[in-house]
Enquirer: 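Sending over a structure as structure tokens; questions will come in a sec.
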Amino acid sequence: MMMNDMAVAAQAAASASGGRRIGDVVLDLQNISLRFGGVKALTDISFNVREHEIRSIIGPNGAGKSSMLNVINGVYHPQEGRILFRGQERRKMEPHMAATQGIARTFQNIALFKGMSVLDNIMTGRNLKMKSNIFQQALYWGAVQKEEIAHREKVEEIIDFLEIQSVRKTPVGQLPYGLQKRVELGRALAAEPTMLLLDEPMAGMNVEEKQDMCRFILDVNDQFGTTIVLIEHDMGVVMDISDRVVVLDYGKKIGDGAPDEVRNNEDVIRAYLGTSH
Amino acid sequence: MLYRENGQFKTSYAADQQIFPILQDRVAIGALLAIAFVIVPMFGSEYIFRAILIPFLILALAALGLNILVGYCGQISLGTGAFMAVGAYGAYNFLVRIDGMPLIAAMLLGGLSATVIGVLFGIPSLRIKGLYLAMATLAAQFFTDWAFLRIGWFTNNSTSGSVSVAKLNVFGLPIESPVAKYLFCLVVVCVFALMAKNLTRSAIGRQWMAIRDMDVAAAVIGIRPMYAKLTAFAVSSFIVGVAGVLWAFIHLGAWEPAAFSIDRSFQLLFMVIIGGLGSIMGAFFGAAFIIVLPILLDQVPQWFGIPLSTATTSHLVHMIFGALIVFFLIVEPHGLAKLWSIGKQKLRLWPFPH
Amino acid sequence: MSDIHGQGAGRAGPQGPLDTFPRLLMHHARVRPQRPAMREKEYGIWQTYDWAQVAGNVRAIACGLAQLGFKRGDRLAIVGDNRPRLYWSVAACQCLGGIPVMMYQDAVAQEMVYVLQDAEIKFAVVEDQEQVDKMLEIAGEAPLLEHVIYDDARGMRHYTQTLLMGLDELQEMGRIHDRNQPDFVDREIAKGASDDISVMLYTSGTTGKPKGVCQTHAAFIAAATGAMQFDKLTEQEDILSYLPMAWVGDHLFSFAQAMVAGFTINCPESAETVMIDLREIGPTYYFAPPRVFENLLTQVMIRMEDASPLKRKLFHHFMEVARRCGADILDGKPVSGSDRLQYGLGKLLVYGPLKNVLGMSRIRVAYTAGAAIGPDLFRFYRSIGINLKQLYGQTETCAYVCLQPDGEIKLDSVGKPAPFVEVKLADNGEILVKGPMLLKAYYKRPDATAESINADGYFMTGDAGFFDEDGHLKIIDRAKDVGKLADGSMFAPNYIENKLKFFQHIKEAVTFGAGKDCVTAFINIDLEAVGNWAERRGMPYSGYTDLASQAAVYELIRDCVEKVNADLASDPNMGGSQIKRFLILHKELDADDGELTRTRKVRRNFIAEKYAVLIDALFAGKTSQYIETQVKYEDGRTGKVAADLRIEEAKTFAPQAGRRAA
Amino acid sequence: MGFFLETLFGGLMAGMLYSLIALGFVLIYKASGVFNFAQGAMVLFAALAMARFAEWIPKWLGFDNLIVANLLAFVAAMALMIVLAWAIERLCLSKLVNQEGITLLMATLGISYFLDGLGQTLFGNDIYSINVGMPKDPAMILENVFEGGLLLSKEDLIAAIIAAALVALLALFFQKTATGRALRAVADDHQAAQSIGIPLNRIWVIVWSVAGFAALVAGIIWGSKLGVQFSLSLVALKALPVVILGGLTSVPGAIIGGLIIGVGEKLSEIYLGPFFGGGIEIWFAYVLALAFLLLRPQGLFGEKIIDRV
């Protein structure tokens with residue numbers, strides 16, 4: 001019976017992985033520096049991410065948070081520093097390679113495919129798992145249709161998980177902002193990532209939408225054991241749900257640790273008081 | 001208004017994902033095909049076939065191919081005429097150089113030749129975007145214009161690149177009469193339209209659209225831009241190439257490179273814009289519009305007793321096309337197809353406005 | 001009763017008489033195993049379960065329950081939205097000879113305590129985390145509760161309470177058990193008897209605590225069989241189940257009738273998608289309280305307001321045509337050729353598409369009940385060709401007393417006594433009914449049972465009414481509510497309130513006057529309809545309280561009140577009870593504040609007590625009155641609403657003297 | 001050697017004209033992000049207007065003086081180009097603000113078609129001549145350096161000089177005047193420019209007018225040389241590779257690119273053409289630009305494009 005596949009799978013995953021049990025370092029960033037022409041976006045930043053944890057990156061606007069995510073998933077290439085993912089040092093990195101390694105992400109300014117429906121957007125997230133070739137697809141026979149249906153089933157589970165059933169066939173452009181953010185999370189989840197990078201998933205949301213999004217993030221982390229790297233402005237949310245927090249300011253790391261440590265770090269307090277944030 | 005959708009619920013994904021999920025649409029498309037395959041051949045006049053239906057079908061096919069590149073994958077091309085020419089001359093060479101080459105095989109090989117050239121000129125799209133890419137495709141246009149005019153080998157050393165084919169047949173059936181030509185084109189167009197639709201609703205179609213809508217996000221979820229773009233170029237130029245074969249072999253019979261000039265490229269681009277970017281249906285709308293408008297402009301003033309010279313008509317056509325392009329880009333970038341789907345949505349919701 | 005029993009549920013299968021629901025279920029699984037029994041919109045498509053699958057699942061759940069220690073006669077609480085697995089649980093419980101107790105899923109935890117205690121519930125099957133939380137919250141107050149089984153495991157990972165179990169797990173357990181003892185369920189089913197209690201439904205009760213109405217298999221099967229014969233229902237029907245499972249109407253239509261006739265139940269995806277799902281399924285058989293029909297019509301009218309002038313004109317023109325001849329055409333009465341032609345055109349241009357958008361294209365029979373339906377509203381649906389009919393019944397009578405026969409539709413009657421049912425009127429006008437569908441008893445309330453069934457075996461409905469010349473029953477009001485004004489003229493508050501509520505701008509009304517010298521009324525405006533009306537006039541307002549206090553709104557409502565007065569004046573029985581003064585309440589009456597029942601009936605006495613100061617002011621002839629009221633918000637917080645309410649007079653008319661009704 | 005230099009000079013002169021047209025592209029692209037495919041149609045339109053006004057104005061006003069006629073025709077044609085610029089801004093561009101580059105490109109294709117049709121409807125579709133008194137006879141120079149000297153067309157020489165002057169003028173306009181600075185500000189950041197009070201719409205009208213002016217001059221030069229006819233609008237297609245080569249946003253790039261293309265085209269035709277069967281002029285520029293594009297996508301002098309995510 002399919003209606004509880006996801007839940008059953010989740011239970012299985014939980015008993016295997018131990019759910020929220022935080023594991024070893026999976027991503028290790030060492031002395032990362034990134035420049036655009038003469039502008040220094042990141043300077044000598046090191047931190048790591050452990051398996052299954054929720055790791056937040058905070059900092060004032062322009063601190064280099066988004067650049068950090070872009071470095072992690074290969075959109076930007078830092079001029080200096082080493083990145084180790086699951087113990088392997090990365091050399092040449094393209095964004096789609098990050099995806100094949102199980103890293104998915106959402107964007108600060110929603111980057112959905114505007115011309116497609118919610119369903120198709122999330123289906124696109126599964127493209128790496130689709131194996132049929134272009135000739136089979138042109139005929140749309142047998143195997144291709146079966147494949148489409150198999151992936152549709154997975155996507156429907158995500159739609160159910162994110163409670164967006166009523167809009168599944170709506171073009172994403174017509175959705176309100178909060179729902180678009182959810183769809184984007186859905187697209188990232190469709191890839192069944194082991195690490196999820198979320199760039200301000202709650203920006204511009206009202207309290208209720210934020211609560212929903214928090215619940216989804218925690219559920220993802222909890223049920224699928226997904227490691228989450230999160231950028232978020234809402235300090236309440238960050239302190240509530242993060243295991244560890246790293247603080248950036250002007251492209252430099254000024255704090256790193258558990259939420260309570262960071263909250264009491266003087267540099268951090270200064271950075272936050274010093275800006276109009 | 002005509003829709004009765006109650007009870008048309010889907011109990012399987014296969015039913016939900018079919019091309020026309022609504023019964024009334026299936027009936028309509030069935031009726032349309034019946035008319036096209038049965039009624040029209042019974043009653044159409046030679047003029048209708050030669051001047052309207054055959055060019056309409058072939059240009060619709062070319063526009064379909066172009067739409068895959070421009071409308072679905074978001075890569076511009078100003079060299080569609082070149083890819084048609086490659087198809088046409090490619091097929092011609094296969095036909096005259098290999099004895100007993102069947103027409104359909106020649107046609108597909110022509111399409112493949114266009115694919116090769118299309119991918120070649122599509123390679124720059126990996127590094128360059130938009131305007132710059134338009135340049136690359138223009139280069140293809142000018143290069144092939146020149147090559148077929150000047151390189152004798154392509155045209156079997158005929159003067160001024162003019163060549164001709166005759167006595168075409170498919171499986172022993174002669175493709176000589178207008179009706180036969182029409183039916184042949186119709187079958188080819190239907191098959192390609194179906195395959196194009198299948199591609200656009202499968203994984204590859206979603207990859208194209210993802211690249212079109214937001215290429216960085218597409219890459220981040222694991223879509224290889226190179227694969228997506230080059231397949232779009234390949235599929236697009238294959239279809240365009242086949243259309244070129246039809247245009248040359250079936251419609252013209254004898255042709256020279258000028259039949260595939262830059263004007264043809266622009267004309268096809270206009271069809272796609274007016275018909276609707278990113279829509280299979282749009283290609284047909286666009287082609288119909290561009291075929292029918294000049295004929296109307298030619299005929300209608302005569303009915304009212306206003307004589308217009310051929311030149312004036314052609315200038316008017318230019319102006320109207322130009323104005324319409326701008327109009328559609330401003331008001332409805334998804335063209336006639338979008339207007340059609342809005343109309344359909346209205347019918348489904350009738351009598352409510354929304 | 002036995003002869004009726006013979007008629008009603010006399011069908012027999014090869015395995016014996018089909019006189020209990022489990023036997024019916026197994027019968028369908030044998031004779032039509034491949035027919036769809038249930039569909040549920042889930043994961044984007046209509047997941048379909050045929051009768052064989054349903055029977056298999058029911059067996060599994062039954063076995064699982066039995067393994068947990070569920071015994072014959074135990075009560076099983078069912079809490080949740082209309083989900084297939086909850087219906088299966090009902091059937092599974094019946095297989096074991098248990099009694100499913102249907103509970104309203106939108107009740108707050110504290111309201112559930114009473115039912116859990118009253119019915120001494122040990123087992124509960126609930127829909128999801130939300131309901132589990134409620135159960136856990138009150139588990140201390142209901143110490144008998146041993147097992148809470150949840151359908152949807154979403155969010156349940158970290159619940160470690162020992163009384164919790166997933167329905168999946170239960171079913172899995174049951175399946176193994178069923179495999180090991182394949183005749184266990186059949187033996188249990190064979191033990192069942194038709195006069196066993198098949199279900200307990202709680203009456204919301206306008207006064208006092210809710211009572212558990214115990215209905216037998218025979219009662220519901222008789223009601224369902226009668227209705228099936230009456231409307232010629234077949235296994236081909238589709239019905240959309242979206243009304244609360246705890247409501248007798250849903251139990252009759254979605255459970256009992258489907259079990260008897262073998263048709264298909266369709267469960268919507270979620271509360272937000274009901275309209276979409278309705279459109280997709282296009283039920284052939286449909287049941288809804290008047291409120292639903294009313295909301296639909298309001299939406300139709302509001303959406304049409306935005307249409308282009310041409311479309312609007314077309315719409316109104318053809319609606320006029322429909323009003324003129326639509327109902328007659330539906331009833332098969334003679335209609336002039338030109339009207340017929342116009343109606344045909346209208347069907348193509350307006351009615352057909354409209355029904356399509358509403359999801360009503362395929363409806364063969366639709367019923368409404370539970371409250372009086374406005375004549376305009378009723379006529380609207382019939383005139384566009386929807387065979388909407390009224391029925392009359394109570395929880396105690398399986399919602400089955402009177403039905404309107406096809407072709408004999410009257411706007412203000414509830415039809416003729418249904419098959420197997422006997423109806424008579426007491427001297428005071430109270431409606432008394434007898435038949436196989438009567439309740440067996442109120443649970444643990446012999447006093448109440450004795451009070452409601454008289455010595456001759458008639459159930460006293462508590463409603464007052466009369467038969468018209470064609471033998472159709474007309475309902476006036478609750479018998480106990482029918483009172484007299486000081487001058488002795490008859491005062492039927494519900495009757496007047498219903499007339500008021502038929503206006504789209506009025507959502508609720510409460511009238512007072514028993515023993516007084518005139519009639520007065522509280523009005524609740526309909527925020528959506530009046531809000532829309534105000535927006536079209538460019539009147540700004542900040543919310544319900546503000547809108548309700550505006551002079552223009554008072555004018556609007558006064559107009560409605562005066563129309564009702566004119567209507568009353570023309571009725572010889574009611575002419576004396578016209579409304580003299582009224583006010584518009586500063587807040588909406590709300591079930592959360594105890595002012596309405598969960599089925600949204602007015603709790604007259606509670607309101608009279610709570611707003612005594614307003615009533616005094618109305619009868620004292622004051623022009624305004626200050627009031628402060630506590631309200632409960634959706635999130636459970638409380639707050640205060642205060643306002644200085646205006647009291648206005650309405651014009652009354654001279655009552656028509658003359659003919660008295662029979 | 002003499003032949004080589006002749007070819008070289010011929011190429012440089014043609015290149016100067018390419019530069020002129022390319023400058024029109026660059027101006028508009030810098031200020032509004034529009035890749036103006038209609039530049040060629042504008043050249044045709046302006047040349048048609050010039051040719052026919054020079055013919056009509058003496059008739060309307062009843063005089064017969066070539067210089068006055070040309071002067072008046074020039075003024076009238078320029079006025080028409082300004083009206084055109086205004087109409088394009090008002091009816092088309094202002095409604096496509098913030099659209100993607102491709103959309104704008106396709107819009108200018110539409111404009112181009114429209115102008116082709118309009119120009120020929122208004123002014124006729126025959127071949128017309130523009131006679132601004134350019135000397136038609138060739139000139140021999142450097143006779144004492146080479147044997148046989150260099151044979152140059154005076155017309156080309158004058159045209160090149162005019163074009164060079166104009167290019168210099170426009171470059172100055174861009175670098176030194178207030179309007180020019182405003183233009184550059186707009187080019188850098190539309191919103192920022194608007195927020196400091198630069199009226200975007202007016203800037204665009206000015207830019208399109210200036211581009212119209214460049215088109216008019218190019219039209220006159222080309223028209224007097226080859227006659228005014230439809231093929232004139234294709235000349236602009238030749239200028240496209242120039243812009244790509246030089247970089248879309250660079251004025252010096254347009255100038256140098258024009259010269260490179262002009263020279264490359266002529267030299268390749270002479271020295272490479274025979275190997276390919278001749279006529280390679282029409283695609284050589286494109287292939288050159290394309291090859292260049294792959295190596296340096298932003299062009300010779302263009303700014304590097306960074307995709308911000």
Side-chain angles (χ1 to χ4, degrees), chain B residues 70 74-76 78 121 123-124 126-147 149-152 214-217 220 262 266-267 269-270 272-274 277 309 311-312 314-331 333, chain D residues 29 35 37-38 41 88 91-92 95-96 99-122 124-125 234 237 240-241 243-244 248 273 276-291 293-295 297-299 305 307-309:
Chain B
V70 184
Q75 309 297 306
I76 192 155
L78 299 177
F121 280 94
I123 289 173
L126 306 179
R127 288 211 54 177
I128 55 181
K129 288 181 193 171
L131 317 171
Y132 293 97
L133 183 61
M135 280 292 313
T137 56
L138 261 184
Q141 178 72 49
F142 289 120
F143 182 78
T144 54
D145 277 359
W146 170 84
L149 200 61
R150 296 297 175 99
I151 302 179
M214 189 70 73
D215 53 357
V216 177
V220 164
I262 190 162
F266 287 163
Q267 189 192 33
L269 189 62
F270 290 176
V272 172
I273 296 172
I274 291 177
L277 289 164
S309 73
T312 316
S314 110
H315 298 153
L316 274 179
V317 168
H318 262 79
M319 285 170 68
I320 292 176
F321 281 168
L324 276 175
I325 295 296
V326 174
F327 171 83
F328 272 111
L329 287 173
I330 292 171
V331 178
Chain D
Y29 188 80
F35 189 82
F37 225 93
I88 287 173
L91 297 176
C92 175
K95 298 189 162 57
L96 286 169
Q99 292 281 4
E100 284 173 50
I102 285 213
T103 307
L104 294 166
L105 169 79
M106 292 193 284
T108 61
L109 260 177
I111 294 173
S112 157
Y113 254 56
F114 184 81
L115 284 184
D116 281 349
L118 181 69
Q120 295 183 77
T121 308
L122 291 180
N125 55 339
L234 299 178
L237 289 177
L240 280 179
V243 199
I244 298 300
L248 269 175
F276 291 99
I280 63 169
E281 209 179 325
I282 57 170
W283 56 264
F284 178 80
Y286 277 89
V287 175
L288 188 67
L290 192 58
L293 209 50
L294 291 178
L295 298 174
Q298 67 271 35
I305 314 146
D307 264 331
R308 274 291 193 164
V309 189

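Quick note on labels: first sequence line is chain A, next is B, and so on, each numbered from 1.
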Enquirer: Residues in ring pair (Phe, Tyr, Trp, His ring centres under 6.0 Å) with B:Phe270, at least two apart?
Expert: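 Listed in chain order: D:Tyr113.
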
Enquirer: Given a strict heavy-atom distance threshold of 4.5 Å, which part of B:Phe328 is in contact with chain D: side chain, backbone, both, or neither?
Expert: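 No part of B:Phe328 comes within 4.5 Å of chain D.
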
Enquirer: Give, as side chain, backbone, both or neither, the part of B:Leu78 having an atom under 4.5 angstrom from any heavy atom of chain D.
Expert: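 When you check distances to chain D, only side chain atoms of B:Leu78 fall under 4.5 Å.
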
Enquirer: Please tell me if the side chains of B:Leu277 and D:Met106 come closer than 4.5 Å, counting only heavy atoms from C-beta onward.
Expert: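 B:Leu277 vs D:Met106: side chains touch.
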
Enquirer: Can you check whether B:His318 reaches D:Thr121 side chain to side chain, under 4.5 Å on heavy atoms?
Expert: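 Counting from C-beta outward, B:His318 and D:Thr121 never come under 4.5 Å.
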
Enquirer: For B:Ala147, which atoms come within 4.5 Å of any heavy atom of chain D: side chain, backbone, both, or neither?
Expert: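 Neither part.
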
Enquirer: Is there side-chain contact between D:Ile111 and D:Phe37, with at least one heavy-atom pair below 4.5 Å?
Expert: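 The answer is no, as the side chains (C-beta and beyond) never meet within the 4.5 Å cut-off.
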
Enquirer: Counting heavy-atom pairs under 4.5 Å to chain D, which of B:Gly74, B:Ala136, B:Ala134 comes out on top?
Expert: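 Highest number of pairs under 4.5 Å: B:Ala136.
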
Enquirer: If you round to the nearest 0.5 Å, how far is OG1 of D:Thr103 from CD1 of B:Ile76?
Expert: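 Here the rounded value is 8.5 Å.
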
Enquirer: Could you tell me whether D:Trp283 and B:Phe143 have their ring centroids closer than 6.0 angstrom?
Expert: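 Ring-ring flag for D:Trp283/B:Phe143: true, centres closer than 6.0 Å.
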
Enquirer: Please look at B:Leu269 and chain D and tell me whether the side chain, the backbone, both or neither of the residue comes under 4.5 angstrom of a heavy atom of that chain.
Expert: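 The side chain, not the backbone.
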
Enquirer: Between B:Ile273 and chain D, with a heavy-atom cut-off of 4.5 Å, which part of the residue counts as in contact: side chain, backbone, both or neither?
Expert: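 For B:Ile273, side-chain heavy atoms alone lie under 4.5 Å from chain D.
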
Enquirer: Check each atom of B:Leu324 against the heavy atoms of chain D and say whether the ones under 4.5 Å are side chain, backbone, both or neither.
Expert: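 Answer is neither: B:Leu324 stays 4.5 Å or more from chain D.
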
Enquirer: Out of D:Leu115, D:Asp116, D:Leu104, D:Leu109, which one racks up the most heavy-atom pairs below 4.5 Å with chain B?
Expert: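 Between D:Leu115, D:Asp116, D:Leu104, D:Leu109, the count favours D:Leu109.
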
Enquirer: For D:Ala285 and D:Pro241, which heavy atoms make the closest approach, and how far apart are they?
Expert: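 It is O-CB, 3.5 Å.
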
Enquirer: What part of B:Leu133 lies closer than 4.5 angstrom to a heavy atom of chain D: side chain, backbone, both or neither?
Expert: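 For B:Leu133, there is no contact with chain D at all, as no heavy atom is under 4.5 Å.
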
Enquirer: Is it the backbone or the side chain of D:Leu105 that comes under 4.5 Å from a heavy atom of chain B, or both, or neither?
Expert: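 Contact with chain B involves the side chain of D:Leu105 alone.
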
Enquirer: Who among B:Phe266, B:Phe321, B:Phe142 has the most heavy-atom pairs with chain D under 4.5 Å?
Expert: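 The option with the most such pairs is B:Phe142.
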
Enquirer: Which residues pass the side chain to side chain contact (heavy atoms under 4.5 Å, CB included) test with B:Ser314, not counting sequence neighbours?
Expert: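 For B:Ser314, no residue satisfies side chain to side chain contact (heavy atoms under 4.5 Å, CB included) once neighbours in sequence are set aside.
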
